[in-house]
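Single-structure report; data block below.
FYI, side chains are in, hydrogens and waters are out, and symmetry mates aren't considered; it's all heavy atoms of this structure. Here is how names work: the chains are called A, B, and so on, in the same order as the sequence lines, proteins then strands, and each is numbered from 1.
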Amino acid sequence: MSNPEPPAVITVDGVHKIFRDFWGRPKVHALNGIHFQVRQGRVFGLLGPNGSGKSTTMKLLLGLLRPSRGSLKILNADPQDVGVKSRIGYMPEESYLYPYLSPDETLRLYGQLLGLSEHENRTRTEELLEMIGLTHARRRPVGEFSKGMARRISLAQALLNDPELILLDEPTAGLDPLGCRQFKDLILHLARRGKTIVLCSHLLADVEDVCDRIAILYNGRICADGRMRDLLQESRICRLSIRQPSPALIDELQQTIRKTTGQEAAIDHPSRSLEDLFLSAIRSAEADQTRPSGALPEGRLAPFLSGPPVSETTPPAASPP
Amino acid sequence: MEVPASPSSALRPFVQILTIARLTALETLRHPIFLLLSLTAVACILVVPIAIAHELGEQGRLARDSALAFQFGFGVLIAGYAAGSSLRREIETGILSTLLSKNIGRELFYGGKVVGIGAVLALYVLVAIPAGLLAQRVSPLNYEVDTLALLIAPAAVVLALAGAALDNFISRRSFASSAMIHLVITLSAGVLILAAFSRDSTPVPYGQAIEWRLIPAQLLIAEALLLFGTLCLALAVRLKTAAVLAGAAIFFLLGLATDYLLGTFPLLRGWAPHWQVFWQSDALAAGGHLSGDVIEQVSLYAIFYLAGLIAVGIVLFRHQEME
Ligand SMILES: Nc1ncnc2c1ncn2[C@@H]1O[C@H](COP(=O)(O)OP(=O)(O)O)[C@@H](O)[C@H]1O
Ligand SMILES: [Mg+2]
């Protein structure tokens, strides 16, 4: 516990957001004074039902909206500061793209905006297209793409500048289970390299698999936050797993437990998650398939994203806030 | 981690403006509605003077006026559509959130949009100008028809579309944008061929057979369109596309009525553009030419107005929330 805390990358302090109509009259009170901090190298999950203010928070962090009250700091700068954006990647909730541009053109254009050199832009675009499994569709207009394919481009776009802070708004919406899995692996990988990631979602499984800290937002207020492990652990219950136990052994254990604690132990068989089942089915089908027209399940990590871990000293979830 | 700076970071703002401009122009040009409006404009410019040639007196004048009027009318629709779709719709769909989450300032972004819409309008004007020149030849003069022109004008349009189809088949380039480029080439080629032949298809000294004096008037209309496009863009920061067109129409009518309003509201005179100054068809009557002075003054006027409209647009856009 003597680890020094990594510095805060995001500080949100008493932020309110009121949406107004054309005439400036208040319409929706979307955020009601939220406070939170995200420290460097963490994977932070912002959870909440639809309309609870997750996307609004993201947009405030990016300076796309202005807070009605309160203050935000991102990478030690004001969200309106244009310079700081070169260190941030953002994947919006709606992956709307220019429908008549191809994935290739789309990524190159974003690369130009980010100020990547021509060479850098070309190699990163290649590598990212490979990573999201859309190399074969690189010349088709993205207007023809399925939602999940557009989502993948949106993800690639957010990683083009190899950002140190990544904001992801409902990242797995519209992705197939394989895409979800790859996506979660990618997040874990990026976190290992010391990136800070903020992820908002109403899909609890996604958050559970990757986040080390969460805040739960409801109706514009934060109603729970802290370390995922602390929030989830039922520390008073203990579970024992044994491979292929004989009925006699079970019986014996039951009796011992009953005798020493006076309690009845619960016995069941753990089941595979549907996700695991789906993934193993796809993997075995992959062998004898021709190329599908949609996204390919290759998903090799883009080389420019796979450098060595950046900050060994601050592994995710090292210490409580 | 650190983003490799591009070789010359002093050029960075220009690269960003051009990137946004290119994006805007590409998206607008590839949308079929742009080609549709341009083709309709060409058709009207070419066909209307033939259809009503026998109705009115000075026939050259009719072809001139209709060429300028249709160039303006369809240009207004294109400007309004391009501005509305490339700014308002992008704010509503959230694509601007992605773009503005990159390190580009809003001023540069808006500047890029203006340049992009300017480029789209420029391409449209490059189609409308040769179409207007062809119209002078296509329309009958003293009940005599120009057979060569009647062959070349429609052939130019058909060739352009065929070329674009071939281009799309071979290189998969967007049909709509390719057709626009082909139209510029084939219509201009048509003018250049006709420049060598008189109305009865006999060779004349090169260039004599085309009314080049129409071009300055067409360019003034182009300036008006650019103003209109910038006006629409500024309105599109806050209004939906339909409202943009309505707002621009009100502004336009106000501009037409400035002379009338002058006595009653002197202030308004300074605010609404005097659209009449861009309409110089009268100067071309009876073989006249547009004087350099007029062109210079009108262009200066357009530049000042343009600067003002861009400034207003930037101020509005800076404070606009990306909802
Ligand atoms: N542009 C807007 N205008 C008005 N209300 C909005 C706007 N954007 C979001 N809201 C409202 O703010 C609340 C929070 O929205 P949002 O942050 O998008 O929720 P979510 O948690 O689902 O991402 C919702 O009630 C929504 O209707
Ligand atoms: Mg949302």
Study note, to complete from the structure: When the 4.5 angstrom heavy-atom criterion is applied to A:L97 and chain B, the contacting part is backbone

Check your understanding: Which bit of A:L109 comes within less than 4.5 Å of chain B, counting heavy atoms only: side chain, backbone, both or neither?
Key -> both

Review point. Are B:Y124 and B:Q71 linked by a side-chain donor-acceptor pair shorter than 3.5 Å?
Key: no

Review point. When you look at CG of A:N76, are more than 12 heavy atoms from neighbouring residues, nucleotides or ligands closer to it than 6.0 Å?
Key: no

Check your understanding: For the candidates B:H319, B:R106, B:R30, B:E90, which exhibits the highest count of non-hydrogen atom pairs separated by less than 4.5 Å from chain A?
Key -> B:R30

Review point. Of the listed residues (B:I104, B:T98, B:L100, B:L108), which shares the most heavy-atom pairs with chain A below a 4.5 Å separation?
Key: B:T98

**Study point:** Choice from B:Q320, B:H31, B:R172, B:R22 maximising heavy atom contacts with chain A below 4.5 Å
**Key:** B:H31

Review point. Within a radius of less than 6.0 Å around CZ of B:R173, do more than 12 heavy atoms belonging to other residues, nucleotides or ligands occur?
Key: no

Review point. What residue in A:L160, A:L62, A:L101 has the most heavy-atom pairs under 4.5 Å with chain B?
Key: A:L101

Exercise for review: Could you tell me whether A:K59 and B:E321 make a salt bridge, using a distance below 4.0 angstrom between a side-chain N and a carboxylate O?
Suggested key: no

Review point. Checking A:P141 against chain B: side chain, backbone, both or neither under 4.5 Å from a heavy atom?
Key: neither

Check your understanding: When rounded to the nearest 0.5 angstrom, what is the spacing between CG in B:L11 and CD1 in B:I17?
Key -> 12.0 Å

Review point. Is it the side chain or the backbone of A:E105 that comes within 4.5 Å of chain B heavy atoms, both, or neither?
Key: side chain

Check your understanding: If you measure from CD on A:Q80 to CZ on B:R318, what distance do you get to the nearest 0.5 Å?
Key -> 10.0 Å

Check your understanding: If you round to the nearest 0.5 Å, how far is CD1 of B:I91 from CZ of B:F317?
Key -> 5.5 Å

Study note, to complete from the structure: Highest number of heavy-atom pairs under 4.5 Å with chain A among B:S97, B:S174, B:G94 belongs to B:S97

